[in-house]
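What follows is a short report on a single structure.
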2 protein chains.
Amino acid sequence: MATRRPTYSFKTPCERCPLRAIATFREFSSEELEFVSKFKRCELAVDAGATILVEGAHSAHLFTVLSGWGFRYKTLEDGRRQILNYVMPGDLIGLQGTIMGEMQHSVEALSPVSLCVFERDKLMTLYNKHASLAFDITWIAAQEERILDEHLLSIGRRTALERAAYLIAFLFERGKRLKLFNGEASIPITQQHVADTLGLSIVHTNKTLKKLANRNLICWQERTCEVIDGDGLMAAAGWEGLGEKVRPFI
Amino acid sequence: MATRRPTYSFKTPCERCPLRAIATFREFSSEELEFVSKFKRCELAVDAGATILVEGAHSAHLFTVLSGWGFRYKTLEDGRRQILNYVMPGDLIGLQGTIMGEMQHSVEALSPVSLCVFERDKLMTLYNKHASLAFDITWIAAQEERILDEHLLSIGRRTALERAAYLIAFLFERGKRLKLFNGEASIPITQQHVADTLGLSIVHTNKTLKKLANRNLICWQERTCEVIDGDGLMAAAGWEGLGEKVRPFI
DNA sequence: CGTTCAATTGACTCGGCTCAAGCAACGTGG
DNA sequence: CCACGTTGCTTGAGCCGAGTCAATTGAACG
């Protein structure tokens with residue numbers, strides 16, 4: 001695949017941000033909206049498979065995902081890869097790099113992704129002038145922490161089958177909430193991604209996913225996972241769901 | 001052990017906070033210090049083994065650890081437990097509960113722990129009036145996220161021996177930075193804690209720790225882990241260290 | 001002086017890994 | 001338009017890391 005160079009542009013004005021139409025996201029005050037408009041520098045579009053941020057990079061930007069799917073990951077020297085979490089519309093990426101200097105993980109696109117690019121230098125202004133937005137950023141960081149807690153519980157203590165069911169139910173719930181599915185619930189990941197998320201080998205991941213497919217919970221085709229029975233997955237995982245209602249975004 | 005009731009008191013004034021003497025923590029401005037003094041309501045002392053916060057609790061307080069060791073964990077319905085991270089002096093606990101309503105994990109003391117108790121309601125004032133402290137809270141949340149990323153990589157992709165070495169090296173590094181050791185580097189955990197952190201059984205954990213002991217990296221005695229060779233542990237884990245210099249605390 | 005909790009150790013089993021092939025769907029170049 | 005090389009999914013065989021069961025020791029506690 002010939003990866004095109006990333007495309008910069010300034011298309012969507014924040015006033016007509018498509019994310020604002022989605023029910024899970026909280027309303028902005030007009031004053032907040034005005035600031036965010038100025039905070040946003042431009043938009044960036046990348047292809048599926050493109051690397052958005054690299055571990056070790058210093059001058060990372062701050063982004064919000066406008067559309068598309070991606071994932072955060074870390075690798076060991078010998079190449080072993082661990083996927084940490086998935087990024088979807090409304091997610092803030094690059095916060096670690098912006099706040100603490102250096103990125104400690106990479107981010108890669110699973111589908112074509114478009115991003116809002118924010119002025120890194122204006123972040124301090126946000127904290128100084130817009131406490132409610134500053135609070136939102138902390139909220140987002142705390143939410144990410146919460147999800148990582150759940151993943152850690154999953155990898156550490158759930159069985160392979162439970163883990164797989166949990167992961168797919170988790171992605172399904174998030175996608176559903178963001179109205180990412182029309183009709184079919186297709187998650188754009190390969191079994192290799194699942195393996196690298198669950199800490200399993202591909203072979204064993206394949207056999208485990210096959211069990212879920214045999215139970216008629218999912219079905220795998222063309223590099224995507226189709227969710228057939230979300231509730232069945234949650235039951236198989238022993239997972240209660242995200243339990244989150246309205247959330248902020250920047 | 002007859003757990004005494006937690007003891008509330010107001011002893012240490014922030015101006016003479018013992019944590020401020022430790023080099024890793026950043027300096028407060030006098031104006032910040034003044035606010036934090038008012039933000040702090042009282043102090044709380046709990047015994048080893050006491051539960052500081054419970055998963056599902058709603059009106060959680062916000063604390064900073066003044067002294068002692070503890071850990072955050074989650075459990076599955078059938079009792080499987082996963083330790084998520086350890087808490088040490090300077091760590092903020094209860095942020096998730098304060099910001100998002102409900103605690104999704106519990107916190108337990110490993111040693112006698114003393115805590116600063118903060119006024120939950122004044123948190124918004126902090127965001128409104130003290131942007132630098134608000135930024136610090138985000139910094140702390142982002143740092144926790146970073147550590148969870150590393151733990152996830154560890155549990156997901158490192159071997160049992162590497163994981164164990166990583167965990168102990170990690171605790172050792174943090175303790176060293178906080179000047180928690182005088183002479184002996186003793187970490188107050190049992191092998192059950194190690195097992196529940198690494199996602200292993202106690203039996204296998206014991207055999208793995210024995211290997212580290214045979215290599216003269218650690219030695220286990222009286223419910224504590226003595227670190228003999230911190231660099232050796234880091235090498236065995238293939239871990240670079242925390243790489244963090246000065247950090248904020250509240 | 002029994003009881004309890006943590007650390008140990010051995011025996012046996014099993015979940016998950018590695019190795020190895022095979023197959024289907026693509027995209028590319030001749 | 002076909003022969004490839006590639007990527008992703010599948011499956012079987014055999015092995016090993018890690019789990020379970022079980023029993024022992026030693027220290028701390030009441």
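Each chain gets a letter, A, B and so on, in the order the sequences are listed, and its residues count up from 1.
- B:R223 places its CZ atom 8 Å from the C1' atom of D:dA27, with the value rounded to the nearest Å.
- Of all nucleotides listed (D:dA18, D:dG12, D:dT10), D:dT10 comes nearest to the side chain of A:N206.
- B:D47 places no side-chain N or O within donor-acceptor distance of the main-chain N or O of B:A50, the cut-off being under 3.5 Å.
- For A:H151 and A:Y166, the ring centers sit closer than 6.0 Å to each other.
- No side-chain donor-acceptor contact under 3.5 Å links B:E162 and B:S154.
- In this structure, A:H61 has its ring center no closer than 6.0 Å to that of A:F118.
- Along DNA chain C, the nucleotide nearest to A:L161 and the one nearest to A:E222 differ in position, and the one closer to the 5' end is contacted by A:L161.
- The side chain of A:T190 lies closest to D:dG8, out of D:dT11, D:dG19, D:dG8.
- Here B:I202 lies out of heavy-atom contact (under 4.0 Å) with every strand.
- In this structure, the nucleotide among C:dG16, C:dT9, D:dG19 sitting nearest to the side chain of A:R163 is C:dG16.
- For the helix from C:dC1-D:dG30 to C:dG30-D:dC1, the terminal axes (five pairs an end, C1' atoms, rotation from four pairs onto the next four) enclose an angle of 30°, given to 10 degrees.
- Minimum atom distance to the side chain of B:A160 is reached by D:dA18, of the listed D:dT20, D:dT10, D:dA18.
- Each of A:K207 and A:W220 lies near DNA chain D, and the nucleotide nearest A:W220 is the one positioned closer to the 5' end.
- Nearest to the side-chain atoms of A:Q191 among the listed nucleotides C:dA7, D:dT10, D:dC21 stands D:dT10.
- When the options B:N85, B:I83, B:T197 are evaluated for a side-chain contact (heavy atoms from CB on, under 4.5 Å) with B:F71, the one that passes is B:I83.
- Of the candidate nucleotides C:dT9, D:dA18, C:dT18, C:dT18 has the atom lying nearest to any side-chain atom of A:S201.
- Relative to the side chain of A:V203, the nucleotides D:dC21, C:dT18, C:dA7 differ in distance, and C:dT18 lies closest.
- Expressed to the nearest 0.5 Å, how far CG of A:D229 lies from CD1 of A:I218 amounts to 11.0 Å.
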